[in-house]
Peer 1: 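My structure is below; once you've seen it, I'll send some questions.
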Amino acid sequence: MNQVPVKHVPSDQMPANPVPVNAVYTPVRVWDLPIRLFHWAIVLLVGFSWLSQELEWMDWHKLSGYTILTLLLFRLAWGFVGSETAQFRQFLASPVAALRHLSHLAQREPDHEVGHNAAGGWMVLVMLLLLAIQIGTGLFSNDDALTEGPLAGTVDKATSDWFSHIHRLNFTLIEIAIAAHVLAVLTYAVLKRHDLVRPMLTGVKHLPPHLPRPRMASVWLSVLVLAVAAGAVVLLVNRP
């Protein structure tokens with residue numbers, strides 16, 4: 001049976017009482033397994049990258065960076081061929097819609113978002129961009145000692161030093177973005193009573209029955225996309 005494509009409707013544009021108070025909410029799978037694994041793997045890898053840098057485990061630091069790059073390439077591709085809630089075209093609303101959503105942040109209302117809300121979609125994009133900058137600069141960086149990125153030799157020392165500077169500066173921005181993300185999750189929990197963590201663990205939200213169910217892509221497709229991403233990274237870091 002064909003499924004109706006998900007159309008993002010900002011919560012502030014929904015009718016005042018879109019669902020009867022006594023409506024029966026049903027469990028709906030909104031996040032596929034690949035997206036959930038990507039999310040929590042990035043959480044762990046960013047933390048490990050920081051730890052390995054602090055402890056000067058540079059071989060592990062580089063391996064962590066290569067893994068993050070693999071996941072970023074996967075996420076980029078999955079944003080076009082993956083499940084509907086993972087696709088960029090489904091969750092990237094206009095900046096005006098994001099600001100309008102935030103203007104209703106203190107208003108307590110049921111959570112009817114099938115995927116990311118208008119503001120959350122932009123947070124995802126910002127975090128992906130910051131991670132891409134971090135990994136991209138790391139490929140050309142050096143530590144003025146024994147460690148350098150696999151592409152550091154393709155640029156002169158001054159350029160590599162500049163990439164190293166941006167690499168360190170950008171991680172501060174990542175820390176700020178992480179803090180903002182955690183604060184947003186807590187704010188939604190306190191002000192709106194929305195649990196944003198459990199669906200990212202289980203993949204399931206309880207939603208009104210009239211909302212369209214998102215299409216989920218094949219797990220085997222995600223395995224293929226991940227394998228291609230991993231292959232591309234292996235070729236990059238082992239280039240002659």
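The shown structure was predicted, so the numbers you read here are calculated from the model rather than taken from an experiment. Side chains included, hydrogens not; waters and symmetry mates left out as well; all remaining heavy atoms used.
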Peer 1: Are I166 and L173 connected in the hydrophobic side-chain network, where two residues link if heavy atoms are under 4.5 Å apart?
Peer 2: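 I166 clusters together with L173.
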Peer 1: Side chain to side chain contact (heavy atoms under 4.5 Å, CB included), that's the test. Do I174 and I133 meet it? Break it down for me.
Peer 2: CA-CA 10 Å; I174 290 177; I133 293 173; over 6 Å; no
Peer 1: Under a 4.5 Å cut-off applied to non-hydrogen side-chain atoms, are P214 and V28 in contact?
Peer 2: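 Yes - at least one pair of side-chain heavy atoms lies under 4.5 Å apart.
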Peer 1: If you count the non-hydrogen atoms of other residues, nucleotides and ligands that lie under 6.0 Å from CH2 in W40, is the total more than 12?
Peer 2: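 For W40, atom CH2 is crowded (more than 12 foreign heavy atoms under 6.0 Å).
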Peer 1: Strictly distance-based, threshold 3.5 Å: is any side-chain N or O of S64 a donor or acceptor partner for the main-chain N or O of H61?
Peer 2: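 No.
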Peer 1: Please check this pair: side chain of T159 against backbone of V155, looking for a donor-acceptor N/O pair closer than 3.5 Å.
Peer 2: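 Not at all, since once roles are kept as given, no pair shorter than 3.5 Å links the two residues.
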Peer 1: Which atom pair, heavy atoms only, marks the closest approach of A106 to L191?
Peer 2: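 Answer, listing the atom of A106 first, then L191: CA-CD1, 4.2 Å.
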Peer 1: Are V46 and L37 in one and the same hydrophobic cluster, where Ile, Leu, Val, Met, Phe, Trp and Tyr link if side-chain heavy atoms are under 4.5 Å apart?
Peer 2: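 No; tracing contacts between hydrophobic side chains, which count when under 4.5 Å, never links both residues.
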Peer 1: Taking only Lys NZ, Arg NE, NH1 and NH2, and the carboxylate oxygens of Asp or Glu, determine whether R36 and D32 approach each other closer than 4.0 Å.
Peer 2: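 Salt bridge absent between R36 and D32.
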Peer 1: Of all the heavy-atom pairs spanning H116 and G121, show the shortest one and how long it is.
Peer 2: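 Minimum heavy-atom separation between H116 and G121: CB-N, 3.9 Å.
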Peer 1: Tell me yes or no: between the side chains of H112 and Y25, is some donor less than 3.5 Å from an acceptor?
Peer 2: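 Judged by distance alone, the side chains do pair up.
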Peer 1: For residues V30 and L207, determine if any side-chain heavy atom of one lies less than 4.5 Å from a side-chain heavy atom of the other.
Peer 2: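 When only atoms from C-beta onward are counted, L207 and V30 do touch, with a gap below 4.5 Å.
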Peer 1: Mind checking whether L73 and V225 have side chains closer than 4.5 Å, heavy atoms only?
Peer 2: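 Side-chain contact under 4.5 Å: no.
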Peer 1: Salt-bridge test for R198 and D195: reply yes if a basic N is under 4.0 Å from a carboxylate O, no otherwise.
Peer 2: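 Judged by the 4.0 Å cut-off on N to carboxylate O distance, R198 and D195 do form a salt bridge.
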Peer 1: Please give me the minimum heavy-atom distance between V204 and P27, naming the atom from each residue.
Peer 2: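 It is CG1-CB, 3.7 Å.
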Peer 1: Flag yes if W50 and W57 sit in one hydrophobic cluster, no otherwise; membership is Ile, Leu, Val, Met, Phe, Trp, Tyr, and two members link when side-chain heavy atoms are under 4.5 Å apart.
Peer 2: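 In one cluster with W50: W57, yes.
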Peer 1: Strictly distance-based, threshold 3.5 Å: is any side-chain N or O of H194 a donor or acceptor partner for the main-chain N or O of E109?
Peer 2: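 Side chain of H194 to backbone of E109, a donor-acceptor pair under 3.5 Å: yes, one is there.
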Peer 1: For the pair T137 and N170, evaluate side chain to side chain contact (heavy atoms under 4.5 Å, CB included) and give the outcome as yes or no after the intermediate values.
Peer 2: CA-CA 9 Å; T137 55; N170 188 71; 5.6 Å; no
Peer 1: Please give me the minimum heavy-atom distance between T85 and F91, naming the atom from each residue.
Peer 2: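 Distance-wise, the nearest heavy atoms are O-CD2, 3.7 Å.
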Peer 1: Could you go through L226 and W78, starting from their C-alpha distance and side-chain angles, then the distance that decides it, and tell me whether this counts as side chain to side chain contact (heavy atoms under 4.5 Å, CB included)?
Peer 2: CA-CA 9 Å; L226 183 62; W78 203 242; over 6 Å; no
Peer 1: Surrounding CD of E56 (heavy atoms of other residues, nucleotides or ligands, distance under 6.0 Å), is the total greater than 12?
Peer 2: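 Count not over threshold, so no.
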Peer 1: Any sub-3.5 Å donor-acceptor pair from R75's side-chain atoms to A86's backbone N or O?
Peer 2: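 Answer holds: yes.
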Peer 1: Quick one: CH2 on W60 to OG on S49, what's the gap to the nearest 0.5 Å?
Peer 2: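 Answer rounded to 0.5 Å: 12.0 Å.
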Peer 1: About how many Å separate CG of L51 and CG of L45, when rounded to the nearest 0.5 Å?
Peer 2: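 Here the interatomic distance stands at 12.0 Å.
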Peer 1: Atom CE of M58 and atom CG of L146: how far apart are they, to the nearest 0.5 Å?
Peer 2: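 It is 10.5 Å, given to the nearest 0.5 Å.
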Peer 1: Using 0.5 Å steps for rounding, measure from the OG1 atom of T202 to the CH2 atom of W31.
Peer 2: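 CH2 of W31 is found 11.5 Å from OG1 of T202.
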Peer 1: Report whether M200 and L44 are members of the same hydrophobic cluster (ILVMFWY, side-chain heavy atoms less than 4.5 Å apart, transitive linking).
Peer 2: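 Different hydrophobic clusters.
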Peer 1: Are side-chain heavy atoms of L131 and L71 found at a separation under 4.5 Å?
Peer 2: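 With C-beta onward as the side chain, the pair stays apart.
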Peer 1: Is the closest side-chain donor-acceptor distance between D161 and S164 under 3.5 Å?
Peer 2: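 No, no side-chain donor-acceptor contact under 3.5 Å.
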Peer 1: Would you sort out whether T26 and R213 count as a side-chain hydrogen bond (donor to acceptor under 3.5 Å, both in side chains), showing the intermediate values?
Peer 2: CA-CA 11 Å; T26 58; R213 273 45 178 167; 2.5 Å; yes
Peer 1: Using a 4.5 Å cut-off on heavy atoms from C-beta on, say whether the side chain of I68 contacts that of I42.
Peer 2: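 They are in side-chain contact.
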Peer 1: Check whether any side-chain N or O of Q134 sits under 3.5 Å from a backbone N or O of H167 as a donor-acceptor pair, and report yes or no.
Peer 2: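 Looks like yes, one N/O pair under 3.5 Å.
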Peer 1: For L183, does its backbone N or O pair with a side-chain atom of T187 as donor and acceptor, under 3.5 Å?
Peer 2: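 Present.
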Peer 1: Atom CZ of F88 and atom CG of L128: how far apart are they, to the nearest 0.5 Å?
Peer 2: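 Separation between the atoms: 6.0 Å.
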Peer 1: Would the number of heavy atoms belonging to other residues, nucleotides or ligands and lying under 6.0 Å from CG of L235 be above 12?
Peer 2: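 Buried by this count: over 12 neighbours within 6.0 Å.
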Peer 1: Going from CG on N117 to CG on L105, what distance comes out if it is rounded to the nearest 0.5 angstrom?
Peer 2: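 So the gap between those two atoms works out to 9.0 Å.
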Peer 1: What closest approach, in Å, do R215 and Q87 show between heavy atoms, and which atom pair accounts for it?
Peer 2: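 What the structure gives for the nearest pair is NH2-NE2, 2.9 Å.
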Peer 1: Answer yes or no: is there an ion pair linking D144 with K157, defined by an N-O contact shorter than 4.0 Å?
Peer 2: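 A salt bridge is present here (some side-chain N lies under 4.0 Å from a carboxylate O).
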Peer 1: Using the rule given for side chain to side chain contact (heavy atoms under 4.5 Å, CB included), can you reason through T154 versus R239, listing the C-alpha separation, both sets of side-chain angles and the distance that settles it, and then say yes or no?
Peer 2: CA-CA 11 Å; T154 65; R239 59 187 300 276; 3.3 Å; yes
Peer 1: What are the two closest non-hydrogen atoms of A217 and V81, and how far apart are they?
Peer 2: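 Here A217 and V81 meet closest at CB-O, 4.1 Å.
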Peer 1: How are the rings of F74 and F38 set relative to one another: parallel (under 30°), tilted (30 to 60°) or perpendicular (over 60°)?
Peer 2: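 If you compare the ring of F74 with that of F38, the planes turn out tilted.
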Peer 1: Spell out, as yes or no, whether a donor-acceptor pair under 3.5 Å connects the side chain of K192 to the backbone of Q107.
Peer 2: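 Yes, the answer is positive, given that a donor and an acceptor are paired below the 3.5 Å cut-off.
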Peer 1: In terms of ring plane angle, is the pair F140 and F163 parallel, tilted or perpendicular, where the classes change at 30° and 60°?
Peer 2: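 Ring orientation of F140 relative to F163: parallel.
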Peer 1: Would you mind reporting whether P150 and L139 have side-chain heavy atoms less than 4.5 Å apart?
Peer 2: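 L139 reaches P150 side chain to side chain.
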Peer 1: Hey, are the side chains of L69 and V237 touching, using non-hydrogen atoms and a 4.5 Å cut-off?
Peer 2: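 No, side chains not in contact.
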Peer 1: Would V197 end up clustered with V114 when hydrophobic side chains under 4.5 Å apart are linked, directly or stepwise?
Peer 2: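 V197 clusters together with V114.
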Peer 1: Looking at K205 and E113, would you say the former's side chain and the latter's main chain have a donor-acceptor pair under 3.5 Å?
Peer 2: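 Yes; judged by distance alone, with no hydrogens or angles, the pair exists.
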Peer 1: Which word best sums up how the rings of H181 and H39 line up, parallel for under 30°, tilted for 30 to 60°, or perpendicular for over 60°?
Peer 2: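 It falls in the tilted class, 30° to 60°.
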